[in-house]
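One structure is given below, encoded as structure tokens.
Just so you know, these numbers use all the heavy atoms, side chains as well, and skip hydrogens, waters and symmetry mates. The shown structure was predicted, so the numbers you read here are calculated from the model rather than taken from an experiment. Position 1 is the first residue of the sequence; numbering continues from there.
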Amino acid sequence: MTPRYIFPKRTAIEIIYEILKLRGRHKTYIMGHTSLTFHQTIRYLGLLKKQGLISVTQDAKGHDIFTATVKGDDLMEYLDIVFNMLTGE
């Protein structure tokens, strides 16, 4: 479920939530489905990787695949609860 945005512009938390929900995807897929620029995508993916919320593996062609870790899955569950409480769902 994609959250309804709480504020007129997405917050960093909403963007992080969207990225974590895209399981096992390439950087360009994440960039397109979150409507981020290349530099924003790199910045968010770097932050999530540094915090241990995503892991990076390679596909058969050697391209990076980004997947939520157990810690990232836990964060998604907490954010689901928060977004549901704030949007009344």
Side-chain angles (χ1 to χ4, degrees):
M1 165 183 46
T2 302
R4 281 188 253 155
Y5 300 123
I6 300 164
F7 302 105
K9 291 188 177 187
R10 292 182 296 175
T11 64
I13 297 298
E14 289 168 321
I15 293 169
I16 288 169
Y17 177 76
E18 288 180 15
I19 292 170
L20 290 174
K21 285 289 193 183
L22 299 173
R23 300 179 178 274
R25 299 298 182 165
H26 293 101
K27 189 183 317 173
T28 52
Y29 184 92
I30 293 169
M31 190 170 71
H33 280 75
T34 56
S35 299
L36 296 174
T37 66
F38 177 78
H39 294 289
Q40 289 171 322
T41 303
I42 297 298
R43 187 174 56 206
Y44 277 102
L45 292 175
L47 170 70
L48 294 173
K49 185 177 175 189
K50 180 179 176 185
Q51 296 301 323
L53 297 169
I54 60 171
S55 63
V56 183
T57 57
Q58 276 75 40
D59 65 9
K61 295 181 180 179
H63 299 127
D64 289 341
I65 305 256
F66 298 89
T67 307
T69 61
V70 173
K71 186 176 173 183
D73 286 337
D74 290 344
L75 179 60
M76 276 191 289
E77 288 180 27
Y78 296 136
L79 291 176
D80 273 334
I81 293 167
V82 170
F83 288 135
N84 288 337
M85 291 176 73
L86 292 174
T87 60
E89 294 180 359

Report task. Could you tell me which non-hydrogen atom of Thr34 sits nearest to which non-hydrogen atom of Ile30, and how far apart they are? Result -> OG1-O, 2.6 Å

Requested in this report: Under the salt bridge (charged side-chain N to carboxylate O under 4.0 Å, His left out) rule, collect the residues that match up with Asp73, sequence neighbours excluded.
Outcome: Arg23

Those residues that, when tested against [X], pass side chain to side chain contact (heavy atoms under 4.5 Å, CB included) (two or more places apart):
| X | result |
| --- | --- |
| His63 | His26, Asp59, Lys61 |
| Ser35 | Arg10 |
| Thr69 | Ser55, Lys71 |

Report task. Verify, without hydrogens or angle tests, whether Glu77 (side chain) and Asp74 (backbone) share a donor-acceptor contact under 3.5 angstrom. Result ->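 Such a contact is absent between Glu77 side chain and Asp74 backbone.
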
Query raised in the report: Hey, what do you get for CG (Leu75) to OH (Tyr17), rounding to the nearest 0.5 Å?
Result: 10.0 Å

**Report entry** Pairwise distance CD1(Ile19) to CE(Met76) - rounded to 0.5 angstrom
**Finding:** 12.0 Å

Residue list, side-chain hydrogen bond (donor to acceptor under 3.5 Å, both in side chains) with [X], at least two apart or on another chain:
| X | result |
| --- | --- |
| His33 | Tyr29 |
| Gln58 | Asp64 |
| Thr57 | none |
| Tyr78 | none |

Query raised in the report: Does Leu36 share a hydrophobic cluster with Ile65, counting links as ILVMFWY side-chain heavy atoms below 4.5 Å and allowing steps through other members?
Result: no

Requested in this report: Please go through Phe38's hydrophobic cluster and name the other residues, only I, L, V, M, F, W, Y counting, with side-chain heavy atoms under 4.5 Å joining them.
Outcome: Met31, Ile42

Show me the side-chain donor-acceptor pairs of residues 43-52 shorter than 3.5 Å, one per line, residues at least two apart or across chains.
none

Query raised in the report: Lys27 versus Phe66: any side-chain heavy-atom pair under 4.5 Å?
Result: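 A side-chain contact under 4.5 Å exists here.
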
Query - side chain to side chain contact (heavy atoms under 4.5 Å, CB included), paired with Leu20, selected from Thr67, Ile54, Ile15 - result: Ile54

